[in-house]
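Here the structure is a predicted model, which means the values were calculated and not measured. Counting starts at 1 for both ligands and their atoms, in listed order.
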Amino acid sequence: MKDLILKLEKENKLTKEEWIRLIDGRTPELAEFLFERAREVRHAYYGKDVYIRGLIEFTNYCKNDCYYCGIRKSNHCVSRYRLTEEEILSCCRNGYALGFRTFVLQGGEDLWFTRERMTALIRSIREEFPDCAITLSVGEREKDEYQEYFDAGANRFLLRHETANDAHYRYLHPEELSLQHRKDCLWNLRHIGYQVGSGIMVGSPGQKTEHLAEDLLFLQELQPHMVGIGPFIPHKDTPFREEKAGTLELTLFLLGCVRLMLPKVLMPATTALSTIHPDGRKMGILAGANVVMPNLSPQENRKLYSLYDNKRCMGDEAAEGLALLKTEMEEIGYKIVSARGDALLETEEGKA
Ligand code: SAH
(Lines give C-alpha, C1' and ligand atoms only; values in the text may rest on other atoms or scores of the structure.)
Protein backbone atom coordinates (compact mmCIF):
# COMPACT_ATOMS: atom_id res chain seq x y z
CA MET A 1 0.00 0.00 0.00
CA LYS A 2 3.00 2.29 0.50
CA ASP A 3 3.43 2.14 -3.25
CA LEU A 4 0.11 3.95 -3.67
CA ILE A 5 1.24 6.72 -1.35
CA LEU A 6 4.51 7.10 -3.23
CA LYS A 7 2.62 7.13 -6.52
CA LEU A 8 0.30 9.79 -5.16
CA GLU A 9 3.26 11.88 -4.07
CA LYS A 10 4.93 11.54 -7.44
CA GLU A 11 1.95 11.95 -9.77
CA ASN A 12 -0.39 13.97 -7.53
CA LYS A 13 -3.31 11.74 -8.45
CA LEU A 14 -4.80 8.29 -8.12
CA THR A 15 -7.63 6.53 -9.93
CA LYS A 16 -10.96 5.99 -8.21
CA GLU A 17 -10.13 2.33 -7.59
CA GLU A 18 -6.75 3.24 -6.14
CA TRP A 19 -8.28 5.82 -3.81
CA ILE A 20 -10.75 3.24 -2.55
CA ARG A 21 -7.99 0.68 -2.05
CA LEU A 22 -5.83 3.18 -0.18
CA ILE A 23 -8.59 4.50 2.08
CA ASP A 24 -10.05 1.08 2.89
CA GLY A 25 -6.62 -0.47 3.34
CA ARG A 26 -5.31 2.15 5.74
CA THR A 27 -3.62 1.09 8.98
CA PRO A 28 -2.00 3.15 11.73
CA GLU A 29 1.43 2.35 10.28
CA LEU A 30 0.39 3.36 6.80
CA ALA A 31 -1.10 6.58 8.16
CA GLU A 32 2.19 7.40 9.86
CA PHE A 33 4.01 6.88 6.58
CA LEU A 34 1.48 9.08 4.78
CA PHE A 35 1.85 11.88 7.34
CA GLU A 36 5.64 11.78 7.04
CA ARG A 37 5.41 12.20 3.28
CA ALA A 38 2.75 14.90 3.67
CA ARG A 39 4.90 16.86 6.13
CA GLU A 40 7.89 16.65 3.85
CA VAL A 41 5.90 18.08 0.95
CA ARG A 42 4.41 20.76 3.16
CA HIS A 43 7.83 21.75 4.50
CA ALA A 44 9.21 22.05 0.97
CA TYR A 45 6.63 24.73 0.12
CA TYR A 46 5.69 26.34 3.42
CA GLY A 47 8.41 25.38 5.89
CA LYS A 48 7.11 25.30 9.44
CA ASP A 49 4.82 28.32 8.98
CA VAL A 50 1.19 28.14 10.08
CA TYR A 51 -1.10 30.82 8.67
CA ILE A 52 -3.88 32.32 10.72
CA ARG A 53 -7.32 33.48 9.51
CA GLY A 54 -9.71 35.45 11.68
CA LEU A 55 -13.15 33.91 11.40
CA ILE A 56 -16.05 36.35 11.68
CA GLU A 57 -19.39 34.55 11.83
CA PHE A 58 -21.46 37.53 10.84
CA THR A 59 -24.95 36.04 10.58
CA ASN A 60 -26.65 32.80 11.59
CA TYR A 61 -29.80 33.45 9.57
CA CYS A 62 -30.08 31.00 6.71
CA LYS A 63 -32.65 30.39 3.99
CA ASN A 64 -31.34 26.85 3.42
CA ASP A 65 -32.29 23.69 5.22
CA CYS A 66 -29.26 21.38 5.00
CA TYR A 67 -30.05 18.35 7.15
CA TYR A 68 -26.70 18.37 8.95
CA CYS A 69 -26.43 22.03 9.84
CA GLY A 70 -27.42 23.54 13.18
CA ILE A 71 -28.35 26.92 11.69
CA ARG A 72 -30.70 25.44 9.04
CA LYS A 73 -33.88 27.44 8.64
CA SER A 74 -36.12 24.79 10.25
CA ASN A 75 -34.20 24.92 13.49
CA HIS A 76 -36.40 27.14 15.62
CA CYS A 77 -34.40 26.51 18.78
CA VAL A 78 -31.50 28.73 17.80
CA SER A 79 -31.73 32.45 18.44
CA ARG A 80 -30.76 34.33 15.36
CA TYR A 81 -28.37 37.25 15.12
CA ARG A 82 -26.66 39.32 12.50
CA LEU A 83 -23.77 41.67 13.12
CA THR A 84 -23.93 45.26 11.94
CA GLU A 85 -21.32 46.64 9.59
CA GLU A 86 -19.82 48.56 12.50
CA GLU A 87 -19.60 45.39 14.61
CA ILE A 88 -17.93 43.52 11.77
CA LEU A 89 -15.41 46.31 11.28
CA SER A 90 -14.71 46.30 14.97
CA CYS A 91 -13.97 42.54 14.79
CA CYS A 92 -11.53 43.29 11.97
CA ARG A 93 -9.84 46.01 14.03
CA ASN A 94 -9.40 43.64 16.97
CA GLY A 95 -8.07 41.03 14.62
CA TYR A 96 -5.67 43.41 12.92
CA ALA A 97 -4.22 44.44 16.27
CA LEU A 98 -3.70 40.78 17.13
CA GLY A 99 -1.80 40.20 13.89
CA PHE A 100 -4.48 38.80 11.58
CA ARG A 101 -4.14 39.74 7.90
CA THR A 102 -6.99 37.61 6.62
CA PHE A 103 -10.62 38.06 7.60
CA VAL A 104 -13.08 35.32 6.79
CA LEU A 105 -16.69 36.46 6.66
CA GLN A 106 -18.79 33.37 7.14
CA GLY A 107 -22.52 33.14 7.47
CA GLY A 108 -25.74 31.42 6.59
CA GLU A 109 -27.38 32.40 3.33
CA ASP A 110 -29.01 35.47 4.80
CA LEU A 111 -31.16 37.46 2.39
CA TRP A 112 -30.97 40.56 4.60
CA PHE A 113 -27.42 40.89 3.34
CA THR A 114 -28.47 41.94 -0.12
CA ARG A 115 -26.00 42.44 -2.89
CA GLU A 116 -25.87 46.16 -2.06
CA ARG A 117 -25.25 45.61 1.64
CA MET A 118 -22.61 42.95 1.03
CA THR A 119 -20.82 45.09 -1.53
CA ALA A 120 -20.84 48.10 0.81
CA LEU A 121 -19.50 45.93 3.64
CA ILE A 122 -16.68 44.50 1.52
CA ARG A 123 -15.77 48.02 0.30
CA SER A 124 -15.55 49.31 3.87
CA ILE A 125 -13.26 46.48 4.97
CA ARG A 126 -11.13 46.83 1.83
CA GLU A 127 -10.77 50.57 2.42
CA GLU A 128 -9.76 50.30 6.05
CA PHE A 129 -7.55 47.22 5.63
CA PRO A 130 -5.85 47.53 2.25
CA ASP A 131 -3.14 45.02 3.20
CA CYS A 132 -5.51 42.26 4.30
CA ALA A 133 -7.14 39.42 2.43
CA ILE A 134 -10.93 39.27 2.54
CA THR A 135 -12.37 35.77 2.35
CA LEU A 136 -16.08 35.17 1.87
CA SER A 137 -17.98 32.07 2.92
CA VAL A 138 -21.58 32.98 2.22
CA GLY A 139 -22.82 30.15 0.03
CA GLU A 140 -24.25 30.01 -3.46
CA ARG A 141 -24.81 33.20 -5.47
CA GLU A 142 -25.14 34.24 -9.10
CA LYS A 143 -21.94 34.76 -11.04
CA ASP A 144 -22.42 38.51 -11.45
CA GLU A 145 -22.90 38.84 -7.72
CA TYR A 146 -19.63 36.99 -7.05
CA GLN A 147 -18.02 39.30 -9.61
CA GLU A 148 -19.37 42.37 -7.83
CA TYR A 149 -17.92 41.21 -4.50
CA PHE A 150 -14.60 40.50 -6.17
CA ASP A 151 -14.57 43.97 -7.72
CA ALA A 152 -15.41 45.46 -4.31
CA GLY A 153 -12.25 43.87 -2.88
CA ALA A 154 -12.93 40.25 -1.85
CA ASN A 155 -10.02 37.94 -2.71
CA ARG A 156 -10.92 34.46 -1.60
CA PHE A 157 -14.04 32.31 -1.34
CA LEU A 158 -14.75 29.17 0.69
CA LEU A 159 -17.50 26.91 -0.59
CA ARG A 160 -17.21 23.27 0.35
CA HIS A 161 -18.79 21.02 -2.24
CA GLU A 162 -19.79 18.79 0.74
CA THR A 163 -19.93 15.63 -1.40
CA ALA A 164 -19.24 15.06 -5.08
CA ASN A 165 -21.76 12.23 -5.38
CA ASP A 166 -25.24 13.21 -6.57
CA ALA A 167 -27.18 10.63 -4.58
CA HIS A 168 -25.21 11.42 -1.44
CA TYR A 169 -25.74 15.15 -2.01
CA ARG A 170 -29.50 14.43 -2.19
CA TYR A 171 -29.28 12.53 1.08
CA LEU A 172 -27.71 15.52 2.87
CA HIS A 173 -29.73 18.34 1.33
CA PRO A 174 -33.35 19.19 0.54
CA GLU A 175 -34.72 19.15 -3.02
CA GLU A 176 -34.07 22.87 -3.72
CA LEU A 177 -30.31 22.45 -3.50
CA SER A 178 -28.24 20.70 -6.15
CA LEU A 179 -24.68 19.50 -6.46
CA GLN A 180 -24.57 20.79 -10.03
CA HIS A 181 -25.34 24.33 -8.90
CA ARG A 182 -22.76 24.20 -6.15
CA LYS A 183 -20.13 22.96 -8.58
CA ASP A 184 -21.12 25.68 -11.07
CA CYS A 185 -20.58 28.23 -8.32
CA LEU A 186 -17.09 26.89 -7.66
CA TRP A 187 -16.11 27.09 -11.33
CA ASN A 188 -17.56 30.61 -11.57
CA LEU A 189 -15.53 31.72 -8.56
CA ARG A 190 -12.37 30.29 -10.11
CA HIS A 191 -12.97 31.99 -13.42
CA ILE A 192 -13.57 35.35 -11.78
CA GLY A 193 -10.15 35.08 -10.16
CA TYR A 194 -10.88 34.26 -6.53
CA GLN A 195 -8.57 31.98 -4.59
CA VAL A 196 -11.10 29.22 -4.11
CA GLY A 197 -11.58 26.76 -1.27
CA SER A 198 -13.72 23.64 -1.34
CA GLY A 199 -13.98 20.54 0.80
CA ILE A 200 -16.11 18.07 2.68
CA MET A 201 -17.25 16.80 6.04
CA VAL A 202 -15.76 13.43 6.91
CA GLY A 203 -18.20 10.80 8.13
CA SER A 204 -21.33 12.66 7.06
CA PRO A 205 -24.39 10.40 7.20
CA GLY A 206 -24.47 7.94 4.31
CA GLN A 207 -20.87 8.60 3.28
CA LYS A 208 -19.08 5.61 1.72
CA THR A 209 -15.43 5.19 0.72
CA GLU A 210 -16.56 5.43 -2.86
CA HIS A 211 -17.93 8.92 -2.18
CA LEU A 212 -14.63 10.00 -0.65
CA ALA A 213 -12.84 8.75 -3.76
CA GLU A 214 -15.21 10.87 -5.87
CA ASP A 215 -14.54 13.86 -3.60
CA LEU A 216 -10.81 13.50 -4.12
CA LEU A 217 -11.26 13.19 -7.88
CA PHE A 218 -13.40 16.30 -7.90
CA LEU A 219 -10.81 18.25 -5.88
CA GLN A 220 -8.14 17.08 -8.27
CA GLU A 221 -10.19 18.39 -11.19
CA LEU A 222 -11.03 21.71 -9.51
CA GLN A 223 -7.47 22.31 -8.24
CA PRO A 224 -8.66 24.62 -5.46
CA HIS A 225 -6.22 26.87 -3.64
CA MET A 226 -7.71 25.85 -0.30
CA VAL A 227 -9.34 22.69 1.01
CA GLY A 228 -11.40 22.45 4.21
CA ILE A 229 -11.87 18.99 5.67
CA GLY A 230 -13.40 18.42 9.08
CA PRO A 231 -15.41 15.68 10.73
CA PHE A 232 -19.20 15.77 10.60
CA ILE A 233 -20.53 16.36 14.12
CA PRO A 234 -24.24 15.87 14.84
CA HIS A 235 -26.34 18.77 16.08
CA LYS A 236 -29.15 17.99 18.49
CA ASP A 237 -31.79 20.08 16.69
CA THR A 238 -31.31 18.62 13.20
CA PRO A 239 -32.65 15.49 11.46
CA PHE A 240 -29.17 13.96 11.85
CA ARG A 241 -29.14 14.30 15.65
CA GLU A 242 -28.76 10.54 16.15
CA GLU A 243 -25.99 10.07 13.62
CA LYS A 244 -22.41 9.31 14.59
CA ALA A 245 -19.67 11.90 14.26
CA GLY A 246 -16.87 11.43 11.74
CA THR A 247 -13.63 10.11 13.18
CA LEU A 248 -10.38 11.87 13.95
CA GLU A 249 -8.48 9.03 12.35
CA LEU A 250 -10.16 9.18 8.92
CA THR A 251 -10.12 12.99 8.89
CA LEU A 252 -6.37 13.04 9.48
CA PHE A 253 -5.79 10.40 6.84
CA LEU A 254 -7.67 12.48 4.26
CA LEU A 255 -5.72 15.62 5.20
CA GLY A 256 -2.54 13.70 4.44
CA CYS A 257 -3.95 12.48 1.11
CA VAL A 258 -4.96 15.98 0.04
CA ARG A 259 -1.53 17.39 0.90
CA LEU A 260 0.08 14.87 -1.45
CA MET A 261 -2.52 15.40 -4.18
CA LEU A 262 -2.39 19.23 -4.01
CA PRO A 263 1.09 19.96 -2.63
CA LYS A 264 0.68 23.74 -2.40
CA VAL A 265 -2.82 23.73 -0.97
CA LEU A 266 -3.75 25.91 1.99
CA MET A 267 -5.50 23.59 4.38
CA PRO A 268 -6.85 24.36 7.83
CA ALA A 269 -6.79 22.14 10.85
CA THR A 270 -10.49 22.86 11.42
CA THR A 271 -12.44 23.82 14.51
CA ALA A 272 -14.52 20.67 14.05
CA LEU A 273 -11.34 18.61 14.29
CA SER A 274 -10.34 20.27 17.54
CA THR A 275 -13.90 19.85 18.79
CA ILE A 276 -13.80 16.04 18.51
CA HIS A 277 -10.32 15.78 20.05
CA PRO A 278 -8.48 18.22 22.34
CA ASP A 279 -5.28 17.74 20.32
CA GLY A 280 -7.09 17.63 16.99
CA ARG A 281 -5.53 20.83 15.74
CA LYS A 282 -1.96 19.75 16.44
CA MET A 283 -2.62 16.38 14.86
CA GLY A 284 -4.12 18.10 11.82
CA ILE A 285 -0.96 20.18 11.38
CA LEU A 286 1.17 17.05 11.75
CA ALA A 287 -0.93 15.34 9.06
CA GLY A 288 -0.27 18.10 6.52
CA ALA A 289 -2.49 21.07 7.36
CA ASN A 290 -0.94 24.57 7.41
CA VAL A 291 -3.72 26.97 8.43
CA VAL A 292 -5.73 27.65 11.58
CA MET A 293 -8.83 29.81 11.80
CA PRO A 294 -9.38 31.20 15.29
CA ASN A 295 -12.74 32.74 16.08
CA LEU A 296 -12.87 36.53 15.86
CA SER A 297 -16.63 36.91 16.29
CA PRO A 298 -17.96 38.81 19.32
CA GLN A 299 -17.93 36.33 22.20
CA GLU A 300 -21.67 36.50 22.83
CA ASN A 301 -22.40 35.37 19.25
CA ARG A 302 -20.04 32.43 19.03
CA LYS A 303 -22.27 29.86 20.69
CA LEU A 304 -25.20 30.96 18.54
CA TYR A 305 -23.29 30.13 15.40
CA SER A 306 -23.86 26.50 16.23
CA LEU A 307 -23.25 24.44 13.12
CA TYR A 308 -22.81 21.38 15.36
CA ASP A 309 -22.91 20.53 19.08
CA ASN A 310 -20.22 21.69 21.53
CA LYS A 311 -18.34 23.80 18.99
CA ARG A 312 -15.07 25.02 20.47
CA CYS A 313 -14.76 28.78 20.29
CA MET A 314 -12.73 29.84 23.33
CA GLY A 315 -9.11 29.49 24.43
CA ASP A 316 -6.92 28.39 21.58
CA GLU A 317 -9.88 28.47 19.17
CA ALA A 318 -10.36 32.18 19.89
CA ALA A 319 -8.50 35.07 18.32
CA GLU A 320 -7.81 36.50 21.78
CA GLY A 321 -6.27 33.14 22.71
CA LEU A 322 -3.58 33.47 20.06
CA ALA A 323 -0.78 33.24 22.63
CA LEU A 324 -2.05 29.79 23.61
CA LEU A 325 -2.24 28.73 20.01
CA LYS A 326 1.32 29.95 19.42
CA THR A 327 2.60 27.84 22.31
CA GLU A 328 0.68 24.85 21.06
CA MET A 329 2.20 25.14 17.59
CA GLU A 330 5.69 25.65 19.05
CA GLU A 331 5.27 22.44 21.03
CA ILE A 332 5.14 20.52 17.76
CA GLY A 333 7.85 22.57 16.04
CA TYR A 334 5.67 24.96 14.05
CA LYS A 335 5.26 28.71 14.09
CA ILE A 336 2.29 31.01 13.71
CA VAL A 337 3.00 33.74 11.16
CA SER A 338 1.19 36.98 10.55
CA ALA A 339 1.61 37.04 6.76
CA ARG A 340 -1.46 37.13 4.52
CA GLY A 341 -0.58 33.64 3.36
CA ASP A 342 -1.89 33.74 -0.19
CA ALA A 343 -1.91 30.66 -2.37
CA LEU A 344 1.67 30.16 -3.55
CA LEU A 345 0.93 30.10 -7.24
CA GLU A 346 -2.16 30.44 -9.31
CA THR A 347 -3.11 26.89 -10.16
CA GLU A 348 -3.54 27.21 -13.89
CA GLU A 349 -4.40 23.57 -14.33
CA GLY A 350 -7.97 24.08 -13.18
CA LYS A 351 -10.34 23.33 -16.01
CA ALA A 352 -11.28 26.34 -18.15
N1 SAH B 1 -23.45 29.07 4.23
C2 SAH B 1 -22.07 28.87 3.89
C3 SAH B 1 -21.26 28.48 5.09
C4 SAH B 1 -21.65 27.15 5.65
S5 SAH B 1 -20.97 26.73 7.23
C6 SAH B 1 -21.98 27.86 2.80
O7 SAH B 1 -23.01 27.38 2.33
O8 SAH B 1 -20.90 27.55 2.34
C9 SAH B 1 -19.40 26.11 6.76
C10 SAH B 1 -19.25 24.60 6.70
O11 SAH B 1 -19.54 24.01 7.94
C12 SAH B 1 -20.17 23.88 5.75
O13 SAH B 1 -19.72 23.98 4.42
C14 SAH B 1 -20.17 22.45 6.27
O15 SAH B 1 -19.23 21.64 5.58
C16 SAH B 1 -19.73 22.63 7.73
N17 SAH B 1 -20.77 22.10 8.65
C18 SAH B 1 -22.08 22.39 8.67
N19 SAH B 1 -22.72 21.62 9.56
C20 SAH B 1 -21.79 20.80 10.11
C21 SAH B 1 -21.83 19.75 11.07
N22 SAH B 1 -22.96 19.37 11.66
N23 SAH B 1 -20.66 19.13 11.39
C24 SAH B 1 -19.50 19.50 10.81
N25 SAH B 1 -19.41 20.47 9.89
C26 SAH B 1 -20.54 21.11 9.54
Exercise answer, ligand 1 polar atom pairs (N/O) under 3.5 angstrom:
{"from": "ligand 1", "atom 1": "1 (N)", "to": "Gly107", "atom 2": "O", "distance (Å)": "2.9"}
{"from": "ligand 1", "atom 1": "7 (O)", "to": "Arg182", "atom 2": "NH2", "distance (Å)": "3.3"}
{"from": "ligand 1", "atom 1": "8 (O)", "to": "Arg182", "atom 2": "NH2", "distance (Å)": "3.1"}
{"from": "ligand 1", "atom 1": "13 (O)", "to": "Glu162", "atom 2": "OE2", "distance (Å)": "2.5"}
{"from": "ligand 1", "atom 1": "15 (O)", "to": "Arg160", "atom 2": "NH1", "distance (Å)": "2.9"}
{"from": "ligand 1", "atom 1": "15 (O)", "to": "Glu162", "atom 2": "OE1", "distance (Å)": "2.7"}
{"from": "ligand 1", "atom 1": "15 (O)", "to": "Glu162", "atom 2": "OE2", "distance (Å)": "3.4"}
{"from": "ligand 1", "atom 1": "22 (N)", "to": "Tyr68", "atom 2": "O", "distance (Å)": "2.9"}
{"from": "ligand 1", "atom 1": "22 (N)", "to": "Ile233", "atom 2": "O", "distance (Å)": "2.7"}
{"from": "ligand 1", "atom 1": "22 (N)", "to": "Leu307", "atom 2": "O", "distance (Å)": "3.4"}
{"from": "ligand 1", "atom 1": "23 (N)", "to": "Ile233", "atom 2": "N", "distance (Å)": "3.0"}
{"from": "ligand 1", "atom 1": "23 (N)", "to": "Ile233", "atom 2": "O", "distance (Å)": "3.4"}

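Residue pairs satisfying the salt bridge (charged side-chain N to carboxylate O under 4.0 Å, His left out) criterion with at least one member in residues 292-305, sequence neighbours excluded, are listed as follows: Arg302-Glu320. Sorted by first and then second residue, the side-chain hydrogen bond (donor to acceptor under 3.5 Å, both in side chains) pairs with a member in residues 15-26 read Lys7-Glu18, Thr15-Glu18, Lys16-Glu210, Lys16-Glu214, Asp24-Thr209, Arg26-Glu249; sequence neighbours excluded.
Side-chain atoms of Pro294 and Phe100, non-hydrogen and from C-beta on, do get closer than 4.5 Å to each other. Looking at heavy atoms from C-beta onward, Asp144 lies in side-chain contact with Arg115 at the 4.5 angstrom threshold.
Taking Thr163 as the reference, His168 meet the side chain to side chain donor-acceptor pair (under 3.5 Å) condition, with sequence neighbours excluded.
Checking side-chain atoms of Arg156 against main-chain N and O of Val196 turns up no donor-acceptor pair under 3.5 Å.
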